[in-house]
Amino acid sequence: MRMALQEARAALAHDDVPIGCVIARGDEGLAAAHNARERDADPTAHAEILALREASARIGSWRLEGCTVYVTLEPCTMCAGALVLARVSRLVIGAMDPKAGAVGSLYDIASDARLNHRIPVERGLLADESGALLREFFAARRV
């Protein structure tokens, strides 16, 4: 999760919301990304989507079974759906997102029994640091 926080900080360089994501398979790091919606002018350039693309390209498969995703903020509906579709084996979340989170806050896509895959989720790893980074980012914009 510390690596995901480093990625989140990198988003600040191009004025994107500081969210970071790292994907690992065992001890092997497969991908690391941060939000790039502003930089890329792409509404789908969320940290999770970019990391899923990188990890899939690296292993040569869209199936990310055996992989753990670390993300600094609870995924939105798009990202939660993509994680389920990628068949990730585990999701670790920093801060929860009561306004747009789809892995326990507004929805629980990762655990929805109607879907063909469910993801075990751990919440709260470095949540204070993840939340503080986001609060500082948005507070600076309200001045």
Side-chain angles (χ1 to χ4, degrees), residues 1-26 28-141:
M1 187 61 82
R2 293 216 183 275
M3 290 174 65
L5 276 165
Q6 281 183 282
E7 280 295 324
R9 288 184 196 97
L12 297 171
H14 42 84
D15 206 34
D16 267 291
V17 177
I19 299 170
C21 182
V22 170
I23 301 177
R25 183 172 54 186
E28 178 187 15
L30 297 177
H34 55 271
N35 272 8
R37 294 183 307 169
E38 298 297 331
R39 182 192 71 197
D40 297 351
D42 179 355
T44 69
H46 289 205
E48 300 95 324
I49 300 300
L50 298 174
L52 285 169
R53 289 175 184 160
E54 182 181 336
S56 293
R58 183 144 181 216
I59 67 170
S61 175
W62 60 268
R63 290 179 185 88
L64 297 179
E65 296 159 334
C67 293
T68 298
V69 174
Y70 298 88
V71 65
T72 58
L73 183 68
E74 178 185 4
C76 68
T77 53
M78 174 181 69
C79 294
L83 294 168
V84 168
L85 292 173
R87 312 288 196 273
V88 299
S89 295
R90 182 172 160 238
L91 173 61
V92 181
I93 299 169
M96 296 301 285
D97 184 357
K99 292 184 180 181
V103 184
S105 290
L106 297 180
Y107 308 100
D108 199 354
I109 292 171
S111 299
D112 194 321
R114 296 170 295 181
L115 300 175
N116 63 343
H117 179 73
R118 282 162 293 292
I119 306 169
V121 178
E122 295 176 37
R123 296 170 179 87
L125 182 60
L126 300 180
D128 292 340
E129 292 93 330
S130 297
L133 185 58
L134 288 158
R135 282 189 298 280
E136 291 166 15
F137 175 80
F138 287 111
R141 274 133 195 84

Inset, instruction - Nearest 0.5 Å please: distance from the CG atom of Leu52 over to the SG atom of Cys21. - result: 6.5 Å

Legend entry - Contact list for residues 34-90, test ring pair (Phe, Tyr, Trp, His ring centres under 6.0 Å), sequence neighbours left out: His14-His34

Legend entry - salt bridge (Lys or Arg N to Asp or Glu O under 4.0 Å) against Glu38, all qualifying residues, sequence neighbours excluded: none

Show me the donor-acceptor pairs within less than 3.5 Å that the side chains of residues 79-89 make with the rest of the protein, sequence neighbours left out.
{"unit_1": "Arg87", "atom_1": "NH1", "unit_2": "Leu85", "atom_2": "O", "d": "2.9"}
{"unit_1": "Ser89", "atom_1": "OG", "unit_2": "Gly66", "atom_2": "N", "d": "2.6"}

Legend entry - Residue pair Arg118 / Pro120: nearest heavy atoms and the distance that separates them: O-CD, 3.9 Å

Inset, instruction - To the nearest 0.5 angstrom, please state how far the CD1 atom of Ile23 sits from the CZ atom of Arg90. - result: 13.0 Å

Legend entry - Over all atoms of both residues, closest heavy-atom pair of Ala55 and Ala31: N-CB, 3.6 Å

Inset, instruction - State whether the number of non-hydrogen atoms from other residues, nucleotides or ligands found under 6.0 Å of Tyr107 atom OH is greater than 12. - result: no

Inset, instruction - With side chain to side chain contact (heavy atoms under 4.5 Å, CB included) as the test, would you mind laying out the steps for Val103 and Ile109 before giving the verdict? - result: CA-CA 6 Å; Val103 184; Ile109 292 171; 5.7 Å; no

Legend entry - Separation of Leu125 CG from Thr72 OG1 (nearest 0.5 Å): 11.0 Å

Inset, instruction - Any chance you could measure Ile59, atom CD1, to Glu54, atom CD, to the nearest 0.5 Å? - result: 12.0 Å

Legend entry - Asp112 and Leu115: CA distance, side-chain angles, deciding distance, side chain to side chain contact (heavy atoms under 4.5 Å, CB included) verdict: CA-CA 6 Å; Asp112 194 321; Leu115 300 175; 4.0 Å; yes

Inset, instruction - Spell out, as yes or no, whether a donor-acceptor pair under 3.5 Å connects the side chain of Asn35 to the backbone of Ala47. - result: yes

Inset, instruction - First locate atom CD of Glu48, then atom CG of Leu91, and finally report the distance between them rounded to the nearest 0.5 Å. - result: 8.5 Å

Inset, instruction - Go through the steps for Leu5 and Ser130 under the test side chain to side chain contact (heavy atoms under 4.5 Å, CB included), then give the verdict. - result: CA-CA 7 Å; Leu5 276 165; Ser130 297; 3.7 Å; yes

Legend entry - Distance in Å, Ser111 OG paired with Ile119 CD1, rounded so as to fall on 0.5 Å steps: 8.0 Å

Inset, instruction - Sequence neighbours left out, what passes side-chain hydrogen bond (donor to acceptor under 3.5 Å, both in side chains) with Arg25? Give chain and number order. - result: Glu28

Inset, instruction - Check Phe137 against Asp16 and note the closest heavy-atom contact, atom names and distance. - result: CE1-O, 3.5 Å

Legend entry - Closest heavy-atom pair and its distance - Ala33, Ala51: CB-N, 3.7 Å

Inset, instruction - Please name the pair of heavy atoms, one in Leu106 and one in Ala100, separated by the smallest distance, quoted to 0.1 Å. - result: CD1-CA, 3.7 Å

Legend entry - Asp42 side chain to Thr44 backbone, donor-acceptor under 3.5 Å: yes

Inset, instruction - Return the set of residues passing side-chain contact (heavy atoms from CB on, under 4.5 Å) with Ala132 (not counting sequence neighbours), or none when no residue passes. - result: Arg135, Glu136

Legend entry - Ile93/Val121 under side chain to side chain contact (heavy atoms under 4.5 Å, CB included): CA gap, chis, key distance, verdict: CA-CA 7 Å; Ile93 299 169; Val121 178; 3.7 Å; yes

Inset, instruction - Just jot down the side-chain contact (heavy atoms from CB on, under 4.5 Å) partners of Arg2, sequence neighbours excluded, or say none. - result: Leu126, Glu129

Inset, instruction - Look at Lys99 together with Asp97 and state whether they make a salt bridge at an N to O cut-off of under 4.0 Å. - result: no

Inset, instruction - Please examine the side chains of Val69 and Val92, heavy atoms only from C-beta on, and report whether any two atoms are closer than 4.5 Å. - result: no

Legend entry - Least distance between heavy atoms, Ser105 atom then Glu74 atom: OG-OE1, 2.6 Å

